[in-house]
Amino acid sequence: TLARMGGDEFGILMEHLDDVDAAVDQATALLVALQSAFVLNDEQVYTGASVGLSFFPMDGTDADTLLRYADMALYHAKGIGRGVHACYSPDMEQHVQEDLRLHARLKDALAQGKLQLHYQPQVDVHSGQVVGAEALLRWNDPVLGHVSPARFIPVAEATGLILPLSQWVLDTACAQLARWARAGTPLRVAVNISAQQFRQPDFPQTVQQALQRHQVSAEWLDIEITESVAMSHPTQAREQLDALARLGCAIALDDFGTGYSSLAYLKALPVNKLKIDKSFMDGIPGDANDAAIARAIIALAKSLDLQLVAEGVETDAQLAFLRQFACETYQGWLFAKAMPADELSRLLGNQGPS
Ligand code: C2E
Ligand code: MG
Ligand code: MG
């Protein structure tokens with residue numbers, strides 16, 4: 001029995017399956033089938049799904065319980081990634097409750113204007129001049145204290161709150177870009193784009209509108225997407241990135257080296273920058289493997305004519321390594337943590353126009 005539960009949620013009741021494995025096989029087949037492109041009015045349309053499963057009689061013996069548990073498993077699956085299934089387990093309950101509490105507080109914080117955008121300088125390895133900044137979300141909750149974006153962004157992705165949240169980030173960053181331009185200290189600002197935000201068909205228009213609203217030129221805006229987002233649906237990613245490139249934005253691949261890049265796609269995508277992930281910088285200069293990977297990424301960027309930013313630089317030894325191997329830009333606590341815009345303005349004022 002297939003039923004539409006509401007919105008984009010469907011329920012399937014399967015009464016004749018022998019065991020859990022058979023249900024998982026069905027779920028996998030369904031996910032694969034939904035991942036192909038559909039042609040509607042001559043347009044290719046991409047879709048996808050996540051699946052949550054619960055079982056009678058081991059998880060519950062009434063419909064309400066089974067549906068509630070399937071829903072919890074679904075939420076869990078969405079948190080893992082796209083096109084994934086998950087089976088209910090009792091420990092999900094607590095995680096889901098915690099996430100829902102976090103979601104509710106985050107939603108309030110967004111509505112009440114209590115989130116902040118901080119800016120971490122990106123610095124030229126040789127001159128030490130600030131050449132740009134990455135906008136990073138900061139949330140200081142009165143009860144929970146400082147909550148890391150690494151914790152709340154995945155929750156916002158799973159609940160859909162990421163869309164209004166991202167809109168706020170884009171808008172706030174563009175407003176700040178305009179302020180710095182008016183003050184005579186224009187600065188490139190990089191904004192992190194979540195997987196879901198990037199997949200919205202009208203995402204390039206959203207960016208264009210934000211730029212127009214604040215009258216800033218696209219050349220000052222870097223769009224950061226992670227390597228995995230760029231690579232997981234390459235055709236779709238390419239269309240989005242081409243549209244952003246046409247606007248005049250630069251595209252940076254974040255956390256580079258941690259995902260699986262197809263070098264053929266990398267060459268075909270309109271990418272301008274690679275950000276070497278902090279996990280490789282951590283072992284530099286001591287760890288021979290990290291150093292070798294960082295050198296390989298630097299060489300790759302050079303041969304593809306891409307700019308480079310090293311992330312998470314904390315020590316002079318790491319900076320010396322970057323100088324030696326000609327990585328031009330870095331970001332890290334060695335220079336500064338992310339700071340409020342006015343603090344960075346003071347710093348830029350002292351440095352003079354770049
Ligand atoms: P990311 O984009 O890779 O950002 C870099 C992270 O490394 C930031 O963590 C930054 O504070 C941290 N970092 C920079 N330099 C150093 C260093 O020298 N040492 C150490 N230990 N850490 C350093 P943060 O701000 O906690 O953000 C974590 C992640 O959350 C970001 O990783 C990004 O993926 C996501 N995020 C942050 N703000 C936003 C946002 O506005 N939108 C979206 N979609 N994601 C965001
Ligand atoms: Mg980033
Ligand atoms: Mg990163």
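Whatever order the structure lists them in is the order used to number ligands and atoms, beginning at 1. Here the structure is a predicted model, which means the values were calculated and not measured.
- With a 4.5 Å cut-off on side-chain heavy atoms, Trp180 and Ser345 count as touching.
- Checked by distance only, ligand 1 and Gln197 stay at 3.5 Å or farther apart across all their nitrogen or oxygen atoms.
- The backbone N or O of Ala195 lies less than 3.5 Å from a partner atom in the side chain of Glu157, making a donor-acceptor pair.
- Under 3.5 Å, the side chains of Arg199 and Gln196 contain no donor-acceptor pair of N or O atoms.
- With respect to atom 16 (C) of ligand 1, the closest heavy atom belonging to the protein is Trp333 NE1, 3.1 Å.
- The hydrophobic cluster containing Leu106 also contains Leu100, counting ILVMFWY residues as joined when their side-chain heavy atoms lie under 4.5 angstrom apart, directly or transitively.
- Pro201 has its side chain out of reach of Gln240: every pair of non-hydrogen atoms, C-beta onward, lies at least 4.5 Å apart.
- In Ile153, the part holding a heavy atom less than 4.0 Å from any atom of ligand 1 is the side chain.
- In this structure, atom 29 (C) of ligand 1 is not in close contact with the protein, since no protein heavy atom lies within 4.0 Å of it.
- Protein heavy atom at the shortest distance from atom 40 (C) of ligand 1 is Leu137 CD1, 3.8 Å.
- Under 4.0 Å from ligand 1, not a single heavy atom of Val191 appears.
- Look at Gly312 and you'll find a heavy atom under 4.0 Å from some atom of ligand 1.
- Of all protein N/O/S atoms, those under 2.8 Å from the Mg ion (ligand 2) are Glu134 OE2, Asn192 OD1, Glu224 OE1, Asp254 OD2, and waters are not counted.
- The main-chain N or O of Leu66 is found under 3.5 Å from a side-chain atom of Ser54 such that the two form a donor-acceptor pair.
- Atom 22 (N) of ligand 1 is flagged as protein-proximal [any protein heavy atom, distance under 4.0 Å].
- For atom 39 (C) of ligand 1, the candidate residues are Asn192, Thr315, Thr226; the nearest heavy-atom contact is made by Asn192.
- With ligand atoms numbered from 1 in the order given, ligand 1 contributes 1 (P), 2 (O), 3 (O) to contacts under 4.0 Å with heavy atoms of Asp254.
- Each of the atoms 15 (N), 18 (O) of ligand 1 lies under 4.0 Å from some heavy atom of Gly332.
- In summary, the atoms of ligand 1 found under 4.0 Å from a heavy atom of Arg138, numbered by their order in the structure, are 11 (O), 24 (P), 25 (O).
- A search for side chain to side chain donor-acceptor pair (under 3.5 Å) contacts involving Glu219 returns Ser217, not counting sequence neighbours.
- Between Gln122 and Thr329, the side chains place no donor N or O within less than 3.5 Å of an acceptor N or O (distance only, hydrogens not considered).
- Of the possible donor and acceptor atoms, one in the side chain of Asp19 sits under 3.5 Å from a partner among the backbone N and O of Ala22.
- In terms of modelled atom types and a separation under 3.5 Å, the side chain of Asn272 and the main chain of Ile251 share a donor-acceptor contact.
- In this structure the side chain of Asp59 never reaches within 4.5 angstrom of the side chain of Leu53, judged on heavy atoms.
- Residues Asp255 and Glu227 are not in side-chain contact: their nearest non-hydrogen atoms beyond the backbone lie 4.5 Å or more apart.
- Applying the 4.0 Å criterion to heavy atoms of Gln120 picks out, from ligand 1, the atoms 14 (C), 15 (N).
- The proximity of Asp255 to ligand 1, defined as any non-hydrogen pair under 4.0 Å, is limited to the side chain.
- Using a 4.0 Å heavy-atom cutoff, His118 is absent from the residues neighbouring ligand 1.
- Under the 4.0 angstrom criterion, atom 37 (C) of ligand 1 counts as having a protein heavy-atom contact.
- Close approach of ligand 1 to Ser194 is summarised as follows: ligand atoms under 4.0 Å from at least one heavy atom of the residue are 44 (N).
- Under 4.0 Å from ligand 1, the heavy atoms of Val169 that appear belong solely to its side chain.
- Between Lys273 and Asp254 there is no salt bridge, since none of the side-chain N atoms of the basic residue sits less than 4.0 Å from a carboxylate O of the acidic one.
- With a heavy-atom cut-off of 4.0 Å, Glu311 touches ligand 1 through its side chain alone.
- Under 4.0 Å from ligand 1, the heavy atoms of Lys278 that appear belong solely to its side chain.
- For atom 6 (C) of ligand 1, the nearest protein heavy atom lies 4.0 Å away or farther.
- Atoms of ligand 1 found under 4.0 Å from any heavy atom of Val313 (numbered from 1 in listed order, with element): 18 (O).
- Counting only distance, with no hydrogens or angles, the side chain of Glu328 and the backbone of Leu308 share a donor-acceptor pair below 3.5 Å.
- Distance alone, capped at 3.5 Å, is enough to place a donor-acceptor pair between the Lys302 side chain and the Ala326 backbone.
- For ligand 1 and Glu314, the ligand atoms under 4.0 Å from any heavy atom of the residue are 17 (C), 18 (O), 19 (N), 20 (C), 21 (N).
- Using bins of under 30°, 30° to 60° and over 60° for the plane-to-plane angle, the ring pair Phe203/Phe198 lands in the perpendicular bin.
- In this structure, the side chain of Thr61 does not engage the main chain of Pro57 through any donor-acceptor pair within 3.5 Å.
- Geometrically, ligand 1 and Gln331 share no nitrogen or oxygen pair separated by less than 3.5 Å.
- A salt bridge does not link Arg246 to Asp242: none of the charged side-chain nitrogens sits closer than 4.0 Å to a carboxylate oxygen.
- Residues Ile162 and Trp168 are members of one and the same hydrophobic cluster, defined by side-chain heavy-atom contacts under 4.5 angstrom among Ile, Leu, Val, Met, Phe, Trp and Tyr.
- By the definition of a contact as any protein heavy atom under 4.0 Å away, atom 42 (N) of ligand 1 is in contact.
- Protein heavy atom at the shortest distance from atom 27 (O) of ligand 1 is Pro149 CG, 3.4 Å.
- At the top of the distance list for atom 31 (C) of ligand 1, counting protein heavy atoms only, stands Leu136 CD2, 4.3 Å.
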